[in-house]
Amino acid sequence: MARHLITSAIPYINGIKHLGNLVGSQLPADLYARYLRARGHEVLFLCSTDEHGTPAELAAKKAGKPVADYCAEMHDVQAEIANGFRLSFDHFGRSSSSQNHKLTQHFAGALNAQGLIREVCETQMYSHADGRFLPDRYIEGTCPNCGFDSARGDQCDNCTKQLDPVDLINPHSTISGSTDLEMRETKHLYLRQSQMKDQIEAWIDSKADWPILTTSIAKKWLNDGDGLQDRGITRDLDWGIPVMDGDTPWPGMEGKVFYVWFDAPIEYIACAQEWVEAGKGDDWARWWRTDKGADDVRYTQFMGKDNVPFHTLSFPCTILGSGEPWKLVDYIKSFNYLNYDGGQFSTSRGRGVFMDQALEILPADYWRWWLLSHVPETSDSEFTWESFQTGVNKDLADVLGNFASRVTKFCRSKFSEAVPEGGVRGEREAQLVADLTAKIREYEGHMEAIEIRKAATALRAAWVMGNEYLQEVAPWSTFKTDPEQAAMQIRLALNMIRLYAVISAPFIPDAAAELLEAMHAEGAEWPEDVAAALEILPEGHAFTVPEVTFRKITDAEREEWAERFAGTRD
RNA sequence: GGCGCGGUAGCUCAGUUGGUUAGAGCGAUCGACUCAUAAUCGAUAGGUCGGGAGUUCAAGUCUCCCCCACGCCA
């Protein structure tokens, strides 16, 4: 038994995420957390909402609400949807929590004490009408290069030229439309990541077992161009964590806040403090402080590839640079993107399926199974309704669900709704136990290595073994000549239903729970000994024929959904 | 333009440190069975492993060049 700290990249607050976001971090993290718990490990699985920054402010403004209220509401919405997908966070926190405020300010102070913060004076576009500095992308004007009239301050979408807001002709604020802009001087804090390049690189190099995707992105940023760059960690905004040097004011930084990328990962730690505050735990430090026991913790992070630089470079700079004994990540599992039917999911164009919509259509397990068995581990993968339909119908309805159905219904009709008595297992049964044992050990190996697709394949193969066995021993035939033989075969098959429920639970927790309930099973201990696990339901043990565990997706539904989600949400 | 991940049977993908006849699932075809959600099980299907060159006794698996897709950066 070990202790595992697991975090999923924290989703941004402004709206409901689509399936691509889900499969890229939260869902695989949940799978891993559930698996480790099932194996008896102590797990702390944390996630939060990432709430600071300009997009949140603008989304709140659009909704006509104070930003704090907006974030509180959206946090609850995201929490409810996460619950709908059965994401088993031990705590779902908020980066705007008081804990994160204090901790972020603490880290800034610690980094400053280590000489890793420098102050930089720079000029930025200020909008009088909006009463604020504008991030480059919120300024538009005519491109000096191609004449495109809606070029953004950071880049022209037409000719792709990189721009500076001052280059734009007739620049205006996209927030208010105002042209009353001026370049103003402002002071900001930079984290001197360049000082830590060697230390970070040595650390990355020591992680030979990380996914190629993770290390290749990290190394690119370490060695590209002039190497690891210092990064601004403050912004001229209202909504965020006020800049402080620990718990004392930072002269000249009044009215400024930390930039989201700085405070967001720190929320991983603050979330553990929130977890304690919420009464769910009593010692966050033993998970996060190596001087308080966290050396025994294995920390695994899950994220999409766009988040890799922050987790391999920026956040480690914060942790290591503080000079304090904070727990550093042990393994980073990163994912490629999930595309939608030939293109990208698009939040702005409403293209693809969003988390709330998915749950309106079908139960969480359908999505969990398909998404996890197609998770973009080695390269981008693609969601199509055809693939989803066949994947769900074949694997869940035909192979697993129908197995439970055929066994329980046969037993009810030939014997009763109780595990039948009599008969003795023979060679074929011993072979089945051996095969299942080998397959389940393989499954465990893939789960421990977080090879999710391979784990799904192994799990499915275990399900198939039940059907193979039934087909071969044909209890419907043996029943006619030797009912005790049939009883033994069905008794074994009934136990297999229970076994399948236990090992499948990390992927499809609701269906697993339903099957366990139908089998009137008590407990769901992991089958360390498969032979023993297949004798847990004894002769005479009553069960209930389960309802259809997985109904099939019809062609009509598939067509309707394909059209409905093609684009333009609301 | 630079960099990164890929380009393997109709589709989705596996293919360890190079080594006997390149694999799985789905789809398709044929067969078996009839307990079950018209479900299941079995067999078959011959893909120049993106293209070219090279290293090697031996390359999908290493080197170089090119093409394509996606992404990141400039």
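Per chain, numbering begins at 1; letters A, B, ... match sequence-line order.
Taking the P atom of each, B:U12 and B:G7 are spaced 12 Å apart, rounded to whole Å. B:A43 and B:G27 are spaced 16 Å apart, taking the P atom of each and rounding to whole Å. B:U34 and B:C41 have their P atoms separated by 16 Å, given to the nearest Å. Nucleotides B:G47 and B:C66 have their C1' atoms positioned 23 Å apart, rounded to a whole Å. Spacing of C1' atoms, B:G60 relative to B:U48, comes out at 12 Å, to the nearest Å. Rounded to a whole angstrom, the distance from the P atom of B:C13 to that of B:A9 is 12 Å. For B:A74 and B:C3, the C1' atoms lie 10 Å apart once the distance is rounded to whole Å.
Here the P atom of nucleotide B:G15 and the CD atom of A:Glu442 are 12 Å apart, to the nearest Å. Atom CZ of A:Arg460 is separated from atom C1' of B:G25 by 6 Å (rounded to the nearest Å). When the C1' atom of B:C13 is taken as reference, atom CG of A:Asn339 falls 16 Å away, rounded to whole Å. The separation between A:Leu371 atom CG and B:U12 atom C1' is 15 Å, rounded to whole Å. Whole-Å rounding puts the A:Phe335 CZ to B:G71 C1' distance at 17 Å. One can place CZ of A:Phe479 at 18 Å from C1' of B:C33, the figure rounded to the nearest angstrom. Rounding to whole angstrom units, CD1 of residue A:Ile204 and C1' of B:G4 are separated by 15 Å. Put simply, CD on A:Gln389 is 17 Å from P on B:U12, counting in whole angstrom units.
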Under 3.5 Å donor-acceptor pairs involving side-chain atoms of residues 542-549 of chain A, not counting sequence neighbours:
from	atom 1	to	atom 2	distance (Å)
A:Thr544	OG1	A:His520	NE2	2.7

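Within a 6.0 Å sphere centred on CD of A:Glu427, heavy atoms belonging to other residues, nucleotides or ligands number 12 at most.
One side chain, A:Tyr35 or A:Glu448, offers a donor N or O that lies under 3.5 Å from an acceptor on the other.
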Across nucleotides 34-41 of chain B, 5' to 3', mark each nucleotide with B, S or - according to how protein heavy atoms within less than 4.0 Å reach it.
SBBB-SBS

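Phosphate proximity of B:C13 to A:Arg453: present, with a side-chain N or O under 4.0 Å from OP1 or OP2.
Tested against A:Phe383 for a ring-ring contact (aromatic ring centres under 6.0 Å, His included), the candidates A:Tyr337, A:Tyr340, A:Trp561, A:Phe565 yield a single pass: A:Tyr340.
Using bins of under 30°, 30° to 60° and over 60° for the plane-to-plane angle, the ring pair A:Trp369/A:Trp463 lands in the tilted bin.
Geometrically, A:Lys207 does not engage A:Tyr331 in a cation-pi contact, judged by NZ or CZ lying under 6.0 Å from the ring centre and within 45° of the ring axis.
Looking only at side-chain heavy atoms (C-beta outward), A:Met447 and A:Pro506 come within less than 4.5 Å of each other.
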